[in-house]
J.: 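Quick one: this structure, given as structure tokens, is what I'll be asking you about.
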Amino acid sequence: MHIPEITLNDGLTVPEIGFGTYKLNGNSGVNAITSAIQTGYRLIDTAYNYENEGTVGEAVRRSAIPREQLRITSKLPGRYQPYDKAVSTIQESLYRANLDYYDIYLIHWPNPKQDLYVEAWQALIDAKKWGLIRSIGVCNFLPEHLERLEKETGVLPSMNQIELHPYFNQEDQRKWHEKHNVKTESWSPLGRASTVLENETIGKIAEKHQKTISQVILRWHHQLGSISIPKSASPARQLENISIFDFTLSDSEMTTISQLTRADGRLKDQDPAVYEEF
């Protein structure tokens, strides 16, 4: 299965759909991730706080795919945002995975009350210079946070991973990203397998294309210009989730899905303006 690629603002090429690994731990996690790589996934998303960087690293080693063809992402947790702690955490992240470098490293949340995200960002900028990371980005940053990063360091993230699904379409945030050449990446693209997978409106569109609701939603992300990172331990579902490049949603179908968005559409009410992650 070949997945098309895009180029980030710093020149790194990444697949247009990736694989999420939250709660995939231990040997069963290694098996699930190895299966995903075998199926065709090349972008693998983990985080320090998922406590499975070692699992991801082991799957990379067991895989028959050369390391340079993979794109491995991890993330810096809120409690380690002070500069010195951020630097040693990035190193620890690499030791846990037993990798020489991460392709992408993200700040997990801005944690604005702490007001340390700019120095955490400086640590990522330096780690990139030292060759520990190839591309640096953020998660859950609002435009005001992104503007401050650029103003104080001169460097904008290559991507911003945000909560994005049909019940929370993030239209304004996506427009800001597009204008400033920051790639959007969707976490929980299927709404953490919530009621969205039973949505009748999407179900009708899926029926028309002879695809599953999951495939239609992931195609919607793709046509919005966002990289989605669905997770599944099932090899059949893994294949289903990347089989989205042989059909196209019409403009009206795209609009219909986008109109399902809700003002309170966040899954766990995690508003980056106030939410603190440690």
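Basis for what follows: all heavy atoms, side chains included, without hydrogens, waters or symmetry-related copies.
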J.: Identify, with sequence neighbours excluded, every residue that meets salt bridge (charged side-chain N to carboxylate O under 4.0 Å, His left out) alongside K75.
T.: D45
J.: Would Y105 and S93 count as a side chain to side chain contact (heavy atoms under 4.5 Å, CB included) here? Give the steps.
T.: CA-CA 10 Å; Y105 207 82; S93 254; 2.9 Å; yes
J.: Return the minimal non-hydrogen interatomic distance between L8 and S135, and the atom names on each side.
T.: CD1-OG, 3.6 Å
J.: Establish, from distance only, whether the side-chain atoms of Q223 and R219 form a donor-acceptor pair under 3.5 Å.
T.: yes
J.: Under a 4.5 Å side-chain heavy-atom rule over Ile, Leu, Val, Met, Phe, Trp and Tyr, are L116 and V138 clustered together?
T.: no
J.: Output all residues satisfying ring-ring contact (aromatic ring centres under 6.0 Å, His included) with Y275, sequence neighbours left out; order by chain, then residue number.
T.: W109
J.: Side chains of D246 and K211, heavy atoms from C-beta outward: is any pair under 4.5 Å?
T.: yes
J.: Are H209 and E253 close enough that a side-chain donor and a side-chain acceptor fall under 3.5 Å?
T.: yes
J.: Taking the side chain as C-beta and beyond, is there a heavy-atom pair between H221 and I244 under 4.5 Å?
T.: no
J.: Quick check: closest heavy atoms across P157 and L149, and the distance to 0.1 Å?
T.: CG-CD1, 3.9 Å
J.: Thinking salt bridges, do R266 and D269 make one under a 4.0 Å N-O criterion?
T.: no
J.: Is it true that E171 and R174 make a salt bridge, defined as a side-chain N closer than 4.0 Å to a carboxylate O?
T.: no
J.: Just wondering, more than 12 heavy atoms not from E200 lying within 6.0 Å of its CD?
T.: no
J.: Look at the side-chain heavy atoms of Ile, Leu, Val, Met, Phe, Trp and Tyr, link any pair under 4.5 Å apart, and say whether I90 and Y95 land in one connected group.
T.: no
J.: With a 4.5 Å cut-off on side-chain heavy atoms, are R71 and T13 touching?
T.: yes
J.: Could you tell me whether E92 and R96 have a side-chain N and a carboxylate O separated by less than 4.0 Å?
T.: yes
J.: Apply the test side-chain hydrogen bond (donor to acceptor under 3.5 Å, both in side chains) to residues E147 and W176: give CA-CA distance (whole Å), side-chain angles for both, the deciding distance (0.1 Å), then the verdict.
T.: CA-CA 10 Å; E147 282 163 3; W176 194 98; 3.2 Å; yes
J.: Answer yes when K128 and D10 have at least one side-chain N-carboxylate O distance shorter than 4.0 Å, and no when they do not.
T.: yes
J.: Would you call R62 and E58 a salt bridge, taking side-chain N to carboxylate O under 4.0 Å as the test?
T.: yes
J.: Taking 4.0 angstrom as the limit, do D103 and R42 come out as a salt bridge?
T.: no
J.: Are Y41 and N241 packed together at the side-chain level, in the sense that at least one heavy-atom pair is separated by less than 4.5 angstrom?
T.: yes
J.: Is there a chain of hydrophobic side chains (I, L, V, M, F, W, Y, each step under 4.5 Å between heavy atoms) that links W187 to L260?
T.: no
J.: Are there more than 12 heavy atoms of other residues, nucleotides or ligands under 6.0 Å from atom CD of E207?
T.: no
J.: Atom CD1 in I133, atom CD1 in I72: separation rounded to 0.5 Å?
T.: 14.0 Å
J.: Which pair of non-hydrogen atoms, one from L43 and one from I104, has the smallest distance, and what is that distance?
T.: CD1-CD1, 4.1 Å
J.: Output, in order, the C-alpha distance, side-chain angles, deciding distance and verdict of side chain to side chain contact (heavy atoms under 4.5 Å, CB included) for Q81 and N111.
T.: CA-CA 9 Å; Q81 284 191 5; N111 285 22; 4.2 Å; yes
J.: Are more than 12 heavy atoms from other residues, nucleotides or ligands located less than 6.0 Å from atom CD of Q69?
T.: yes
J.: Could you tell me whether the side chains of S250 and S252 share a donor-acceptor contact shorter than 3.5 Å?
T.: yes
J.: F141 and side-chain contact (heavy atoms from CB on, under 4.5 Å): which partner among N160, L106, I162, V182?
T.: N160
J.: Which residues pass the side chain to side chain contact (heavy atoms under 4.5 Å, CB included) test with K85, sequence neighbours left out?
T.: Y80, P82
J.: Tell me whether the count of non-hydrogen atoms from other residues, nucleotides or ligands lying under 6.0 Å of CD in E51 goes above 12.
T.: no
J.: Measuring from atom CG of N31 to atom OG1 of T55, what distance do you get when rounded to the nearest 0.5 angstrom?
T.: 10.5 Å
J.: Which class fits the ring pair H165 and Y167: parallel under 30°, tilted 30 to 60°, perpendicular over 60°?
T.: perpendicular
J.: Take N199 and T195 through the side chain to side chain contact (heavy atoms under 4.5 Å, CB included) test and state the conclusion after the steps.
T.: CA-CA 7 Å; N199 185 280; T195 54; over 6 Å; no
J.: Are L218 and L164 connected in a single hydrophobic cluster, I mean Ile/Leu/Val/Met/Phe/Trp/Tyr linked by side-chain heavy atoms less than 4.5 Å apart?
T.: yes
J.: So, taking the atom named OG1 in T34 and the one named CD1 in I65, what distance separates them when rounded to the nearest 0.5 Å?
T.: 11.0 Å
J.: When hydrophobic residues are tied together by side-chain contacts of less than 4.5 Å, even through go-betweens, does L70 share a cluster with V30?
T.: no
J.: Using 0.5 Å steps for rounding, measure from the CD1 atom of I227 to the OG1 atom of T73.
T.: 8.5 Å
J.: So with a 6.0 Å cut-off around CZ of R237, is the heavy-atom count from everything else above 12?
T.: no
J.: So do V60 and I44 actually touch side chain to side chain, heavy atoms under 4.5 Å?
T.: no
J.: Are F19 and T39 close enough that some pair of their side-chain heavy atoms sits under 4.5 Å apart?
T.: no
J.: Does Q270 CD have over 12 foreign heavy atoms under 6.0 Å away?
T.: yes
J.: Would you give the length of the straight line joining atom CD1 of I229 to atom CD of Q161, rounded to the nearest 0.5 angstrom?
T.: 3.5 Å
J.: What do the steps show when you test E277 against N49 for side-chain hydrogen bond (donor to acceptor under 3.5 Å, both in side chains), and what is the final call?
T.: CA-CA 10 Å; E277 179 251 17; N49 268 355; 2.8 Å; yes
J.: So do P77 and H108 actually touch side chain to side chain, heavy atoms under 4.5 Å?
T.: no
J.: How long is the gap from OG1 on T46 to CG on N52, to the nearest 0.5 Å?
T.: 3.5 Å
J.: Any donor and acceptor pair, going by atom type alone, linking the side chain of Q170 with main-chain N or O of E163 inside 3.5 Å?
T.: yes
J.: Could you go through R67 and Y101, starting from their C-alpha distance and side-chain angles, then the distance that decides it, and tell me whether this counts as side chain to side chain contact (heavy atoms under 4.5 Å, CB included)?
T.: CA-CA 10 Å; R67 168 69 183 95; Y101 64 90; 3.2 Å; yes
J.: Between F245 and H2 (judged by ring centroids, cut-off 6.0 Å), do the two rings come close enough to count as a pair?
T.: no
J.: State, with a plain yes or no, whether a side-chain heavy atom of W220 is found less than 4.5 Å away from one of S258.
T.: yes
J.: If you count every heavy atom of other residues, nucleotides or ligands that lies below 6.0 Å from Q114 atom CD, does the total exceed 12?
T.: yes
J.: What's the shortest heavy-atom distance between P230 and G18, and which atoms?
T.: CD-O, 3.2 Å
J.: I want to check a possible cation-pi pair here: R79 against F278, using under 6.0 Å from ring centre and within 45° of the ring axis as the test.
T.: no
